[in-house]
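Notes follow the structure.
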Amino acid sequence: MNFMGNRHVIGWLLISPAAILLVTFTHYPAVTTFFSSLFSRGNPIRPSKFVGADQYLALLDDPVFWTVLENNLYYAIGTIPASIALAIAMALLVDRALAGTGFLRLAYFTPTILPMIAVANIWLFFYTPEIGLLDRLLNPIGIETPNWLGDPSTALLSLIFITIWKEAGFFMIFYLAALQAQSPELKEAAKLEGASAFTFFRRVTFPLLMPTTLFVLVNAVLNSFKLVDHIFILTKGGPDNASSLILYYIYETAFSFFDTPYASALTIILLLFLGILALIQFGVLERRIHYR
Amino acid sequence: MSLFKSKKLLGLALGTTMALTAGAAAAKTTLTMYYPVAVGGPLTKIVDGIVADFEAKNPDIDVNAIYAGNYNDARIKALAALKSGKPAQLSVMFSIDIYDLIEQDAIVAFDDIVSTEEDRKWLKSFYPALMENGQTLGKTWGIPFQRSTIVMYYNKDAYRAAGLDPENPPTTWNALVDAGKKLTKKDGSQWGIMIPSTGYPYWMFGALTKQNGQVLMNSDGNETYFNNPKVVEALSFWKDLSVKHGVMPKGAIEWGTLRQNFLEGKTAMMWHSTGNLTTVKKKAKFDFGVAMLPGNPSRGTPTGGGNFYIFKKSSAEEKKAALKLIKFMTSADNAAKWSMETGYIGVSPAAYDTKKLQAYAKNFPPAAVARDQLKFATAELSTYQTGRVRKLLDDALQSVIAGGKAPADALGDAQTRAEKLLKPYK
């Protein structure tokens, strides 16, 4: 058979494994989720019926929805810039060829390897009042500590801190790889020109890291919406929803309240958010990034 | 899992033999039972043991026990299996899921399965307090098995150090506050009492309201009483323990770490599930006691835990076999054994009449506290739309205890929203 004459077929064959997987597990569920959000919650006695935008109207009237939305915003603002900055700082630190860097790299990367549920169980005992590690360290030197997870004003912050700790090591790997790919000649040239270390970072290193930063940013934004494992262990969204996020609320709605249509409506809102963010990231930011 | 697999293999082997001997053996009934414990947990061994005994006595019935995580997971998995056409005849699920299961048309009432006079008598053989969460619409839908209540654990050494009588723990709210004040150390190294307010706050609150003479909902599951003055008063008392009396730390108290706080002497008293009894007994380095919860003026606690349910989608034969299995597992001997090995309540008076359990309780008096408290027990919060209604109450409680909202406002809001949810069920 002459394959060359049939380039279309080959093309389709080549993308079909990925396409089939994407359609089955991403596109098809997204579309059915949308349709399910247009129906009422049914049961064998009262079958579900078409209700149009009712689920979305109910969302507007749901104070918990607004709380988790606001929380998610703070969570994103709290985790994304901080974990990226920390990742760059750690990568710069371990990029040099000093004794012990291997050990340091491993240490920075360890939080990433650990499963989030296990990590959350450890942090639960760090944060516990009176007997927790934090209180045992801080109280003897006279620092008054709040009830970290039990106080609505610190619960979300405590979760943000864990997320930064967990994610920074992962992002560091990408920055480290990018740094190692940078040519040493650049540094030598900068030295000849008499540029300070800070100027060199601001003018040379950082701009060259931008493609990596975009990639990391996309990941960080996604994670700020999908990383909720620790909530199950640490706060269950409490006290009074102070630390609940959209995805956790979707889980509660779908599996605790068995309200699939309402959970579908929430999911569509989440999808919309992520879509808009993706447009901004790829449409606006990417154009301003210098690729070699 | 390996058990499950080997059973499958066994089934296959049996099937082949049966085919070969062409009808020589009578048809076997196979039961699939979902059970809410993590695979490999210590409870699986005990359940496996009882199931094996049952199979030995009933060679015509095969039981596949599928262990399925926590109560929520077990319900999700069992209902999903039924939906996809896989067989499941019975399950232990959360006692408070009853209304949701009825609404899903997933379960049958035991009244419709029992046929003999003896069976009907068996239905009446359990502690009435344990039946409350299993009965509605005039029928019994759940049979108690893995059941618990809240009890008060207290540190007898701390009592002695504070000059309190370790054999007479407080029986009223006022006495609780007085004892708490004596036990609370100024430097913050020991609190008087901790009542957990995460995880299952509505459960703890059910105890406080019952003690104050008011329940949280009706038995039809379509009415809540969150804004009742007695309920508001109960919440004010809970908040006052930390804010006014200073005997409990401020903010939410974590369910999961509370036991550790108690074991390390950071609190002299804690309210917790009877399910902790075995662990506390093993790990406490001090002399501890277990008491019934105090009252204002009457004592009170909600029950908790899991009931047996039989699924509608099973043949008459299977329902009969499932009933047989449930009767076996809740029989006096097995209930006694189950209670001793786990700390859960023996579900019937007959279980506490067995020689084994009597001897055990004599040696270890705390084991009988939960039983004695059953006289004062009431149903756990359970309504139609139970997940949502429960969350409304949980959020209201936490907004008061950790967030500084006024009890009457928070509970009033929760009541308004709960009424809206329950309106279609009137």
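Each chain gets a letter, A, B and so on, in the order the sequences are listed, and its residues count up from 1. Computed from a predicted model, the values in this text were never measured in an experiment.
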Count the heavy atoms of every other residue, nucleotide or ligand shown that sit under 6.0 Å from [atom1] of [X], and state whether that count exceeds 12.
| X | atom1 | answer |
| --- | --- | --- |
| Tyr28(A) | OH | no |
| Lys423(B) | NZ | no |
| Phe126(A) | CZ | yes |
| Tyr425(B) | OH | yes |
| Lys250(B) | NZ | no |
| Phe161(A) | CZ | no |
| Phe35(A) | CZ | no |

Is any side-chain heavy atom of Phe258(A) closer than 4.5 Å to a side-chain heavy atom of Ile76(B)?
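They are in contact (side-chain heavy atoms under 4.5 Å apart), so the answer is yes.
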Is there a side-chain contact between Glu254(B) and Tyr127(A) (heavy atoms, below 4.5 Å)?
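No, every pair of side-chain atoms sits at 4.5 Å or beyond.
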Examine whether an atom of [X] lies under 4.5 Å from a heavy atom of chain A, and if so say whether it belongs to the side chain, the backbone or both; otherwise answer neither.
| X | answer |
| --- | --- |
| Trp191(B) | side chain |
| Asn72(B) | side chain |
| Pro201(B) | neither |

With chain A as the partner, which of Lys391(B), Glu264(B), Lys405(B) has the greatest number of non-hydrogen pairs under 4.5 Å?
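Answer, by heavy-atom pair count under 4.5 Å with chain A: Lys391(B).
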Under 4.5 Å from any heavy atom of chain B - which part of Phe232(A):
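The answer is neither part of Phe232(A).
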Identify which part of Pro146(A) has an atom lying under 4.5 Å from any heavy atom of chain B, answering side chain, backbone, both or neither.
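Neither part.
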Chain B interface, residue from Asp259(A), Asn241(A), Thr235(A), Val64(A) that has the most non-hydrogen pairs under 4.5 Å
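Highest number of heavy-atom pairs under 4.5 Å: Asn241(A).
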Out of Leu124(A), Thr253(A), Ile233(A), Asn139(A), return the one with the most heavy atom pairs under 4.5 angstrom to chain B.
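The residue among Leu124(A), Thr253(A), Ile233(A), Asn139(A) with the greatest pair count is Leu124(A).
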For [X] and [Y], which heavy atoms make the closest approach, and how far apart are they?
| X | Y | value |
| --- | --- | --- |
| Ala402(B) | Gly150(A) | CB-O, 3.3 Å |
| Asp240(A) | Ser399(B) | OD2-CB, 2.9 Å |
| Asp61(A) | Arg417(B) | O-NH2, 3.5 Å |

Evaluate the criterion side-chain contact (heavy atoms from CB on, under 4.5 Å) for residue pair Gln260(B) and Thr128(A); output intermediate values, then yes/no.
CA-CA 10 Å; Gln260(B) 195 60 26; Thr128(A) 301; over 6 Å; no
Where the side chain of Asn261(B) meets the backbone of Glu130(A), is there a donor-acceptor pair that is under 3.5 Å apart?
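No.
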Distance, nearest 0.5 Å, that separates CZ of Arg41(A) from CD of Gln385(B)
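Arg41(A) CZ to Gln385(B) CD: 4.5 Å, rounded to 0.5 Å.
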